[in-house]
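Here is the structure we will look at.
Residue numbers start from 1 in every chain, and the chains themselves are labelled A, B, ... in the order their sequence lines are given, proteins ahead of strands. Note: hydrogens, waters and symmetry copies are ignored here, and every other heavy atom, side chains too, is used.
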Amino acid sequence: MTNSSSPKRNEQDQPETSGPVLKSLKTKLSKPEDAEKKNLSKKFKDVEISVPIVYGNIAFWLGKKANEYQSHKWTVYVRGATNEDTRGVIKKVVFQLHSSFNNPTRVVESPPFELSEQGWGEFEIAITLHFHSDVCEKPLSLYHQLKLYPEDESTSLSIKKPVVVESYDEIVFPEPSESFLARVQNHPAVNVPRLPVGLTFPTPAEDPSERKRGDTKDHPLSQWFTNFSEADELLQLAAARQQVQTHIAKLRRQITVIEGQQQQLKPSSDQ
Amino acid sequence: MDAKDILGLPKTPLSVPPEKKSQPKKDSQRKPDGISREVYALTGGLAPLMPSIDSSYLKKRPPSDEKITWQWLPFTNSARKDTLQLYHWVRVVNGVPPTGDYSFAKYNKSIEVTKYTDEEYAQHLTDPSWTKQETDQLFDLCEQFDLRFVIIADRFPSSRTMEELKDRYYSVCRSILLARASSPADVSGHPLVKENYNASQEKERKRALSMVLSQTKQQEKKDAEVLAEAKKIAESRMAAKGVEESVMPATENEFPETTIDHNDTLVSLSNVRLAPVAVPPSTLVIADTSSTLASLRMLPVYLRTYALEQMVQQASSSAGLRTIKRVEQTLQDLGINLKPRVPTKAVCAEHLELRKEILTLLNLQKQLQYKEAEGSSLREGTTYSEMPGTPKRQVRDHDRTFIPDAMSFGGERGGRKDQKRKGPGRVSETPSSPANKRPRKMKASDL
């Protein structure tokens, strides 16, 4: 996928703090190599970092150009839920395709983490996320069922309108390391809860070499992306809970009434 | 012997004449009658399997061809260093006194304590904190008291702890061993070379042991509680680990501490290990939630949907399959997805709460049904079995049996219809003799 050039830079909005801040951190700890080691190993138990992601596929029917073996052109991907760059968290993504594909294990080492192919069959793709070493040592697997044909069988296939299936999920790091926390404090793709009092990090200096964009805001397929809003779901759930709670209260009243009635049948010698 | 008995043949003359007493004959005669039959039956048959030593056997013992006398003779003990001569009774056979060493001499064993020469000391064994004199004293005491360090420590002229003495002794022995060995390979098998004495470890071990021994009952109870809790956490971690095997095997470097380090002050153990799970096991439900949470926290990374699944499973653990289906049906009726479409932290929490509330709702519905069934059966007098989980019912039944007759069916009758057949299957309430019987019985027994 080509990255469209644009003057926008705000996806990497870690402010450009200069060396002195970092240096002062090091002098405070007096031993640089130890400080690094400490950073890597120190974990915070009360701070939970979550990275909302969306993964799925978009499939286009090839129409006239379709043949038996290649009826659709599809792309499977993992993106940040808000289309922000996930590079600070995810190091690489491995897509495991059906064994009928050449080299079914496809590794994508830089964002955007996606893979495009042509084919005719629907199968389960195993998506393994590998994180940076200070984020998490172990990879995390997701599973996605590739969908090429629309749910509604009566809909005619169209070249223009693709079939889109996306799933929202959040990657949770219950005990993030200090360096990870420091790095992603102000990261747009990462949810960091309010840090406990007294815990602050100097914002790390931005690395000028990492300027290549990895966000999907201007992705060619972005028009098809689903916008997942938690607000709707929350409202729904709140309404449902309200209903259930009223029902519960009603039942409780009924039960007490009946118990009262039954009490009257017996003499009041029992409590 | 036994076989012959079974066959009915007379017993072999093992214990039979030349004895005139004929005691065994008495035995075989006693076989069919008398109390002795049972006694012999106890021995698993009519005769004992082992030839028992009965008095006739003992009497028979002295062999007639040997001449036995007992003599008061002197003897020497090879175990003695001096030439003390003592006397004792000796069994002399045909005028020949027994030969051989004093029979107890072989028990005089002693421990071999290594001896070092002065040159060896100068070469290998000098130590800043030990003078040669002290070391020599130590070794003398060791030899004298067979390496019983408790005594040695007590007797040692300057006050040194037992660990210090042991340390010095073992390091000296070790150095000597190594020095005298022709090649290191020879002695590498020797226990001293393989595992050297570690004074600090010993001190620690003894301290911990004394602490454990001196624990009060209260502390013991507390420790048991803590261990049980740790075990529970460990089990839930194991469960989580098993589930996570394909996705995320958790690193468990702190785990061994809980099981091995019993010697340590368990107060520190409880502080360290249980801090993340700071929930007292008051109610089973709460404890289970915290263990699910704890197991999740053990994972280095997980998906929100996975976490929700675990929590939902835990919450429905007390419910049967049918109830779970009903919960899902209710969710669908309410228009909620079984798995939230946008599983953020807030959404998942709400979803979980909703599920729990639906469970409560269903339980209440069931309860209401039971209550209504109760009520209707009371009115119509149909028999039914007692419903579980309605303690009030039980209490009322108990009360009924002890209430004097007037009140008991005065109340019932006054309530609804008159004739009550077997209400809750306990008391028959027909106002005739059975009912009367009951209170009367009570009265009789009460008075």
Top contributor to chain A contacts, counting heavy-atom pairs under 4.5 Å, from [options]:
{"options": "B/Glu372, B/His351, B/Arg341", "answer": "B/Arg341"}
{"options": "B/Thr344, B/Ile336, B/Thr330", "answer": "B/Thr344"}
{"options": "B/Leu361, B/Leu331, B/Thr305", "answer": "B/Leu361"}

Beyond-backbone contact of [X] with [Y], side-chain heavy atoms, under 4.5 angstrom:
{"X": "A/Ile58", "Y": "A/Tyr77", "value": "yes"}
{"X": "A/Phe95", "Y": "A/Val108", "value": "yes"}
{"X": "A/Asn83", "Y": "A/His219", "value": "no"}

Measuring heavy-atom distances to chain B, does [X] have an atom under 4.5 Å in its side chain, in its backbone, in both, or in neither?
{"X": "A/Gln236", "result": "both"}
{"X": "A/Thr256", "result": "neither"}
{"X": "A/Ile258", "result": "side chain"}

Against chain B, work out which of A/Ala81, A/Ser50, A/Ser229 has the most heavy-atom pairs shorter than 4.5 Å and name it.
-> A/Ser229

Can you tell which part of B/Leu296 gets under 4.5 Å to a heavy atom of chain A, answering side chain, backbone, both or neither?
-> backbone

Heavy-atom contact with chain A under 4.5 Å, split by part of B/Leu303 = both

Would you check if there is a donor-acceptor pair between the side chains of A/Gln96 and A/Thr105 at a distance under 3.5 Å?
-> yes

Presence of salt bridge, B/Arg297 and A/Glu48, under 4.0 angstrom = no

Go through the steps to decide whether A/Phe131 and A/Phe173 satisfy the test ring pair (Phe, Tyr, Trp, His ring centres under 6.0 Å), and finish with yes or no.
-> CA-CA 11 Å; A/Phe131 304 104; A/Phe173 302 98; 5.2 Å; yes

Using the ring of each side chain (for Trp, its six-membered ring), is A/Phe228 parallel, tilted or perpendicular to A/Tyr168, with breaks at 30° and 60°?
-> tilted

